[in-house]
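Written below as structure tokens is the structure these notes are about.
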There are 2 protein chains.
Amino acid sequence: MKLGDGHRMTPQRREVYEVLMEHPDHPTATDVFMRVKERMPAISLATVYNCLDTLSGAGFIIQVNVDREPSRYCGNLAPHGHFHCEKCGTVLDVQLKEGVQASKAVKLPRGAVVERFEVAVRGYCPQCVRKQKIESSRSA
Amino acid sequence: MKLGDGHRMTPQRREVYEVLMEHPDHPTATDVFMRVKERMPAISLATVYNCLDTLSGAGFIIQVNVDREPSRYCGNLAPHGHFHCEKCGTVLDVQLKEGVQASKAVKLPRGAVVERFEVAVRGYCPQCVRKQKIESSRSA
DNA sequence: TCCTTATCAATAATTATTCTAAATAAAATT
DNA sequence: AATTTTATTTAGAATAATTATTGATAAGGA
């Protein structure tokens, strides 16, 4: 993997990237830090932030923001949206259905140039919904 | 206007709300603070945060997050998306075209319950595009 | 009125993230 | 190879936005 721009693929960056590919569960910087630290105990949180920043700057990973919560990182480069569970905090990838495009979905200001398009869905994930139902039927 | 939940409509909350309605330009908490302070010099930033929080909790305003930038606040309660200019930082409301719905646009995990749906478009606003063009033709 | 609850403002604290500076390492050049 | 340049890492300090705490004040109900 080459990063371009004179950036090197260092051991730290490689580990950070590996960790993201191994568990595509949208970890936060701290999550990544803890996972990398197991295999590379000397690494610092600042380095993890640097690596995440470099990797996303180079387009190898995507930074995902959910409200004002800590940023999460995602190795899925295909265009997709995110579902965020308000109960357990899980972030799931959701596929955009075919034919859904920014320019089609919204009335853009005339003359605007679109760079990115983000779709976020908030709600309760299947697991939490199921639990909720069990709980409420129990209490009933 | 009633807030419910035993919350009162205090002078501070009223001013904060008024300011948002007067200029629907998605001000940040600090922007709101500066505007309210002109008419109510004793108010503190913390109180503005409290008011914004109470008002959005009660559903009178919407908190809009753009990446990790400071939250912005919006009095437009109709369902809409946001366009964010990467150059000048302006946030514009964009209408969702008719027939565009969360459930239609994305393949949701089976069993998930949707609460909210957010569309964010990033790019360059018409003004910045125009300026850019003028600049580049000048330099050419 | 008395009592409970809500509110405000100031300040302190928290959280996520970025910056700084010094040390290290790899690449480029001589 | 030695030197120079450039990129990188690290620890810790710094920052910015936001939240929590506290003590005083005020509103509403019994």
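Labels below follow one simple rule: chain letters A, B, ... track the order of the sequence lines, proteins then strands, and each chain is numbered from 1.
- Atom CD1 of Ile43(A) and atom P of dG12(D) are 16 Å apart (whole Å).
- When rounded to the nearest whole Å, the span between CZ of Arg13(B) and C1' of dA27(D) equals 12 Å.
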List every contact pair, protein side and nucleotides 11-16 of chain C side both N or O, where the distance is under 3.5 Å.
none

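- Arg72(A) is linked by a salt bridge (Lys or Arg N to Asp or Glu O under 4.0 Å) to nothing, counting only residues two or more places apart in sequence or in another chain.
- Environment of CD in Glu69(B): crowded, with over 12 heavy atoms of neighbouring residues, nucleotides or ligands closer than 6.0 Å.
- Around the CD atom of Gln63(A), the shell of radius 6.0 Å holds more than 12 heavy atoms that belong to other residues, nucleotides or ligands.
- When the C1' atom of dA10(C) is taken as reference, atom CG of Asn50(B) falls 12 Å away, rounded to whole Å.
- Residue order along DNA chain D, read from the 5' end via each residue's closest nucleotide, puts Cys51(A) first among Asp53(B) and Cys51(A).
- The environment of CD in Gln95(A) is sparse: at most 12 heavy-atom neighbours from other residues, nucleotides or ligands sit within 6.0 Å.
- Residue pairs meeting the salt bridge (Lys or Arg N to Asp or Glu O under 4.0 Å) criterion with at least one partner in residues 29-51 of chain A, sequence neighbours excluded, are Glu15(A)-Arg39(A), Glu22(A)-Arg39(A), Asp25(A)-Arg35(A).
- Between the CG atom of Leu45(A) and the P atom of dC19(C) there is a distance of 15 Å, given to the nearest Å.
- For Glu118(A), the salt bridge (Lys or Arg N to Asp or Glu O under 4.0 Å) partners are Arg116(A), Arg122(B), not counting sequence neighbours.
- Listed by first then second residue, pairs satisfying ring pair (Phe, Tyr, Trp, His ring centres under 6.0 Å) with a partner in residues 61-90 of chain A read His26(A)-His82(A), His80(A)-His82(A), not counting sequence neighbours.
- Taking atom CE on Met9(A) and atom P on dT9(D), their separation rounds to 10 Å, with Å as the unit.
- If you measure from atom CZ of Phe33(A) to atom P of dT17(C), you get 14 Å, rounded to the nearest angstrom.
- Residue His7(A) places no side-chain N or O under 4.0 Å from the OP1 or OP2 atom of dA7(D).
- Contact annotation: Thr47(B) reaches the phosphate of dA9(C) (side-chain N/O to OP1 or OP2, under 4.0 Å).
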- Item | side chain to side chain contact (heavy atoms under 4.5 Å, CB included) assessment of Phe33(B) paired with Val16(B) | CA-CA 8 Å; Phe33(B) 172 58; Val16(B) 166; over 6 Å; no
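- Taking atom CG of residue Leu55(A) and atom C1' of nucleotide dT8(D), one finds them 13 Å apart after rounding to whole Å.
- The number of heavy-atom neighbours closer than 6.0 Å to CD of Gln127(A), taken from other residues, nucleotides and ligands shown, is 12 or below.
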At a cut-off of 3.5 Å, list every protein nitrogen or oxygen paired with a nitrogen or oxygen from nucleotides 3-5 of chain C, distance to 0.1 Å.
none

